[in-house]
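Being a predicted model, the structure only gives us computed values, none of them experimental.
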Amino acid sequence: MTSAARDDLLVARMADPEAFGSLLEPLLAGACRLASLMLEGRADAEDVVQEAALKAWRNLRQLRGGEAQLRPWFLAIVANECRQVRRGRWWSVLKLGELPERGASSHEDRLVQGGDLRAALGTLRREQRLALFLYFYLDLPLAEVARVLGCSPGAAKVRIHRAVRELRPRLALEEGLP
Amino acid sequence: MSGANPRDGREELRRAFDAMTSPPSPGFQRRVRSALAERAEAPSRAPQLALAVLAAVLAAAVVAVLLVARGAGGPFGPAPIPAASPSASASPTPAPTSSPGPTPTPTPTPELAPPPSGSAFSCTVQRGGAAAQARVVAVRVGSSPGYDRFVIEFDGGVPAYTVTPQASSTFVQDASGQPIRLDGAAGLSVRLEGASQHDGYSGPTDLTPGYQVLREARLTGDFEGVVSWGLGLSRGACFRAFTLDGPPRLVVDVATG
């Protein structure tokens with residue numbers, strides 16, 4: 001079967017919202033975690049994921065690569081929705097979430113004191129934090145991490161390595177790297 | 001970090017992310033499913049629909065030009081008739097895959113029935129209806145300038161109802177006692193005594209119109225003759241509850257002004 005035929009078949013199989021909903025269901029918990037990480041507690045992650053689900057359904061024809069690509073494709077839509085919310089007018093005036101701001105205290109202090117890996121993660125750049133989350137928390141393979149980040153697998157790998165290097169005083173992760 | 005186990009690092013990272021993020025609330029998957037069922041248009045139709053609309057518009061333009069030409073005494077006899085046929089065949093048909101039943105339209109519906117005279121907006125508990133048994137046959141939402149509307153239609157008369165405002169959008173599921181969080185920051189609880197919704201009703205039990213004030217309506221109970229619906233509102237708002245006949249229905253208008 002050609003890949004185009006496979007895509008058509010997938011669209012046909014998901015042609016009713018019920019079927020699409022059940023394919024999406026296993027992805028929703030991870031999607032909510034992803035959105036809550038990216039929105040930093042400043043907007044409703046569930047609303048954003050629901051919007052992404054509707055968008056995915058409407059744009060189902062754009063899904064390439066069959067069912068195996070549904071997860072990175074959907075998570076990429078969720079990530080884009082979150083970025084859009086962050087660019088929005090209200091983002092800057094909404095209350096800050098629990099994540100510490102970058103540079104709120106000395107990087108070294110936090111790392112040396114050791115007790116707070118979350119604080120260390122908070123000092124990373126957003127896209128680095130996101131790369132770590134996708135790779136280590138959601139356990140996505142590198143190719144899918146890249147697809148959600150919207151970069152090449154090579155660039156995703158570099159991003160993960162750099163993020164780990166920044167965290168390294170806190171973390172023994174070398175062997176877990178891609 | 002010599003001697004440290006990489007597995008521990010990975011585990012530690014997972015725990016940190018676990019604490020930094022939140023899982024979805026228990027009813028979330030159901031909420032997404034009903035949002036898909038209610039608001040989704042068929043995925044592949046959009047380009048075809050756009051083409052059909054374009055064809056219809058072009059055909060209409062051709063017809064208009066021909067009619068004008070004929071009105072001006074031009075030599076156009078039977079020409080307009082074949083020219084008109086593409087518009088008929090190209091007119092968009094409703095997508096066959098959309099869910100059956102009373103699907104709410106997210107666009108404002110201008111032809112909402114007017115309320116009876118004397119029904120004014122108030123911000124306190126409102127009661128009405130008659131002690132009677134009735135089954136819910138349809139639930140709808142709509143929006144009109146000045147208010148968002150929630151409608152429950154019955155097969156008999158409108159049973160005794162109570163509409164109570166509340167300061168949060170969290171409701172308690174009747175029978176199970178589970179809290180349900182609806183979209184919004186405030187709510188209205190609609191309670192119908194002597195009603196049932198489980199026999200003969202096949203419509204949605206969770207509507208997410210996302211209007212200005214009425215954000216979501218969800219069935220929160222259908223148990224021992226009491227049907228309850230929760231309305232999630234974007235903010236505390238005054239409302240008017242009243243009944244209409246033909247068919248019998250309870251209407252709750254939430255002020256948006």
>> Minimum heavy-atom separation for G21(A) and R33(B), please, with both atom names.
In response: C-NH2, 4.0 Å

> chain A heavy atoms under 4.5 Å from R14(B): which part of the residue, side chain, backbone, both or neither?
Replying inline: both

>> D183(B) vs Q50(A), test: side-chain contact (heavy atoms from CB on, under 4.5 Å). Steps then yes/no.
In response: CA-CA 11 Å; D183(B) 193 11; Q50(A) 180 176 325; over 6 Å; no

> Can you say whether A45(A) sits under 4.5 Å from chain B via the side chain, the backbone, both, or neither, judging by heavy atoms?
Replying inline: neither

> Can you name the closest pair of heavy atoms from A53(A) and L36(B) and give their distance?
Replying inline: O-CD2, 3.9 Å

>> For the CD atom of E40(A) and the CE atom of M20(B), what is their distance to the nearest 0.5 Å?
In response: 8.5 Å

>> Return the CE to OG1 distance between M38(A) and T21(B), rounded to the nearest 0.5 Å.
In response: 13.0 Å

>> So R33(A) and P23(B), do their side chains get closer than 4.5 Å, heavy atoms only?
In response: yes

> Taking all non-hydrogen atoms of both residues, which atom of L121(A) and which atom of A16(B) are closest, and how far apart?
Replying inline: CD1-CB, 3.7 Å

> Which pair of heavy atoms, one from C32(A) and one from P24(B), lies closest together, and at what distance?
Replying inline: SG-CB, 3.5 Å

> Are more than 12 heavy atoms from other residues, nucleotides or ligands located less than 6.0 Å from atom CZ of R191(B)?
Replying inline: no

> By ring pair (Phe, Tyr, Trp, His ring centres under 6.0 Å), which residues pair with F133(A), not counting sequence neighbours?
Replying inline: Y137(A), F17(B)

> When you check the gap from the basic side-chain N to the acidic O, do D47(A) and R215(B) get nearer than 4.0 Å?
Replying inline: no

>> I'd like to know whether CZ of R162(A) has more than 12 heavy-atom contacts from other residues, nucleotides or ligands below 6.0 angstrom.
In response: no

> Could you state the interatomic distance from CD (E46(A)) to CD (Q29(B)), rounded to the nearest 0.5 Å?
Replying inline: 10.5 Å

>> For residues 201-213 of chain B, which residue pairs pass the salt bridge (charged side-chain N to carboxylate O under 4.0 Å, His left out) check, not counting sequence neighbours?
In response: D206(B)-R218(B)

> In terms of heavy-atom proximity below 4.5 Å to chain A, should R30(B) be classed as side chain, backbone, both, or neither?
Replying inline: neither

> Measuring from R10(B):CZ to Y135(A):OH, what's the distance to the nearest 0.5 Å?
Replying inline: 6.0 Å

